[in-house]
Number of protein chains: 2
Amino acid sequence: MVRLGRLTDYALVLMTCIARGEGSSLRTARDLAKESKLPLATVSKILKELLQSGLLTSQRGIHGGYVLAKNPHEISVLEMIAAMEGPLALTDCSTDVTGLCNLESCCPIKTNQQIINQAVRGVLGKVTLSDLIQPLHLTAIRDANGKVLPMIASGRVQ
Amino acid sequence: MVRLGRLTDYALVLMTCIARGEGSSLRTARDLAKESKLPLATVSKILKELLQSGLLTSQRGIHGGYVLAKNPHEISVLEMIAAMEGPLALTDCSTDVTGLCNLESCCPIKTNQQIINQAVRGVLGKVTLSDLIQPLHLTAIRDANGKVLPMIASGRVQ
DNA sequence: CCGATACAGTACTGAATCAGTCCGGTTTTG
DNA sequence: CAAAACCGGACTGATTCAGTACTGTATCGG
């Protein structure tokens, strides 16, 4: 299905929760678990990974919690996905690692794969956390020909 | 890693092979297996799925084989991916199926997820099989702001 | 008409990945 | 020092996936 892992999905939800609560100091894992209706253990695991990727900062001890490390408009969807699943690479060929593919040097479409990857990265890099809080501002997103994607305004398409 | 299945990767290779050999009548599975250096059984499986999705047409019997069902520029990468992995949906929320998510109606980011999905679909829908054969023409692909993606011409970025 | 060739469809299996959980440790505060 | 909260790693059951095998059906040549 070419889908994000479920944990990545949760991560987007949690980041949105934290971003919405900005200004109200720290959010605890317990707090976020209640708000997102997800199990605490799972939430902790996700927050931990987001922390290690530098998207969150934490405060330990009683009265501890998590905050965004950057402004919401500086955190792209691409970064959040990469935090949970590692660098975005739709195929083995599009990694910088060599020796994975037995076709290696003669592979006729390696370059193309990288181009496809770059296109997807470009799009995901353009959508930021602040866009997820304010959906209507997404009208700024345009397709490959520079035309605004038709469904943004109406909220739904197909 | 957010990656395509390996079989999907192979499918892109095979479709490229077939597209390149256009005009030279039918390509047999055996033939394509040899050219792509993939096991015949696997190649057959992939071609079968591409057939069922209407991207290929087949001829049975001795002297049978496969041909593209459409012109290369009418077959998008999105279609090929969908043929192998089903409809592109980065998250459960972005499917048309309901009842999968326990947050359902109150989920704060459902709309956004669909927007993200649509953005990715838009990009993948713009790249066609003919683009994969003629990499240099990909300079037509632009980012969300209408600017040409920087790495296309040079073949590589980052 | 018969057999060789190639597509068509299904079913199975071993491996790899993933979600989710648990447990023990460390830091801070009252 | 005890409670609250973060920190880190490790384990497990389930699910998914790649790959293979086997049987069936269609077409063509002789």
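Keep in mind the model is a prediction, meaning the values are calculated, not measured. Sequence lines set the chain letters: A, B, ... in the order given, protein chains first and strands last, and positions in each chain run from 1.
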TODO: Compare the minimum distances between each of dG19(D), dA6(C), dT28(C) and the side chain of Arg6(B), then state the nucleotide with the smallest one.
DONE: dG19(D)
- [ ] Measure the shortest side-chain to side-chain distance between Leu14(B) and Val43(B) over non-hydrogen atoms and say whether it is less than 4.5 angstrom.
- [x] yes
Open item on the list: Does dG19(D) have its OP1 or OP2 closer than 4.0 Å to a side-chain nitrogen or oxygen of Tyr10(B)?
Closed with: yes
- [ ] Please report, rounded to the nearest Å, how far the P atom of dA5(D) is from the CZ atom of Arg27(A).
- [x] 13 Å
- [ ] Whole angstrom is fine here: how far is it from CZ in Arg30(A) over to C1' in dA4(D)?
- [x] 8 Å
TODO: Would you classify Leu51(A) as touching base, sugar-phosphate or nothing, given that sugar-phosphate means primed atoms plus P, OP1 and OP2, and contacts are heavy atoms under 4.0 Å?
DONE: sugar-phosphate
Open item on the list: So, OP1 or OP2 of dC7(D): does either fall under 4.0 Å of a side-chain N or O from Tyr66(A)?
Closed with: yes
- [ ] Could you check which of dT28(C), dA19(C), dA8(C) has an atom nearest any side-chain atom of Leu7(A)?
- [x] dA19(C)
Open item on the list: Quick check for you: among dT20(D), dC7(D), dG8(D), whose closest atom lies nearest to any side-chain atom of Lys48(A)?
Closed with: dG8(D)
Open item on the list: If you compare every side-chain N and O of Thr42(A) against the phosphate oxygens of dT21(C) (OP1, OP2), does one of them come in below 4.0 Å?
Closed with: yes
Open item on the list: For a quick test of reading the model, state the closest non-hydrogen atom pair linking Ala83(A) to Leu50(A) and the distance between them.
Closed with: CB-CD2, 4.1 Å
Open item on the list: Closest approach to the side chain of Lys45(A), judged atom by atom: which nucleotide of dC7(C), dT21(C), dG9(C) is it?
Closed with: dT21(C)
Open item on the list: At less than 3.5 Å, do the side-chain atoms of Arg60(B) and the base atoms of dT27(D) form a donor-acceptor pair?
Closed with: no
Open item on the list: With a 4.0 Å cutoff (strictly under), does any side-chain N or O of Gln52(A) reach OP1 or OP2 of dG8(D)?
Closed with: yes
Open item on the list: Need to verify one output field. Residue with the more 5' nearest nucleotide on DNA chain C, His63(A) or Leu40(B)?
Closed with: Leu40(B)
Task: Whole-Å distance separating the CG atom of Asp9(A) from the C1' atom of dG20(C) - done: 15 Å
TODO: Say whether, by atom type as modelled, one donor and one acceptor occur between the side chain of Glu79(A) and the main chain of Ser76(A) under 3.5 angstrom.
DONE: yes
TODO: Spell out, yes or no, whether Leu38(B) and Leu56(B) are grouped together once hydrophobic residues are joined by side-chain heavy atoms under 4.5 Å, including indirect joins.
DONE: yes
- [ ] Among dC6(D), dT5(C), dA19(C), find the nucleotide with the atom closest to the side chain of Ile62(B).
- [x] dT5(C)
- [ ] State, to 0.1 Å, how close Arg27(A) and Cys17(A) come at their nearest heavy-atom pair, and which atoms those are.
- [x] NH1-O, 3.4 Å
Task: Euclidean distance, atom CZ of residue Arg3(A) to atom C1' of dT16(D) [Å, nearest integer] - done: 12 Å
- [ ] Please report the closest heavy-atom contact between Pro39(B) and Ala33(B), naming both atoms and the distance.
- [x] C-CB, 4.5 Å
Open item on the list: Taking 4.0 Å as the cut-off, does a side-chain nitrogen or oxygen of Ser58(B) come that near to OP1 or OP2 on dA8(C)?
Closed with: yes
TODO: Calculate the interatomic distance between Leu26(A) atom CG and dA5(D) atom P; express it in whole Å.
DONE: 11 Å
Task: Protein-nucleotide distance (Leu32(A), atom CG; dA5(D), atom P), rounded to Å - done: 12 Å
Task: Interatomic distance where CD belongs to Gln59(B) and P belongs to dA6(C) [whole Å] - done: 13 Å
Task: Rounded distance in Å - CD1 (Ile46(B)) to C1' (dC7(C)) - done: 15 Å
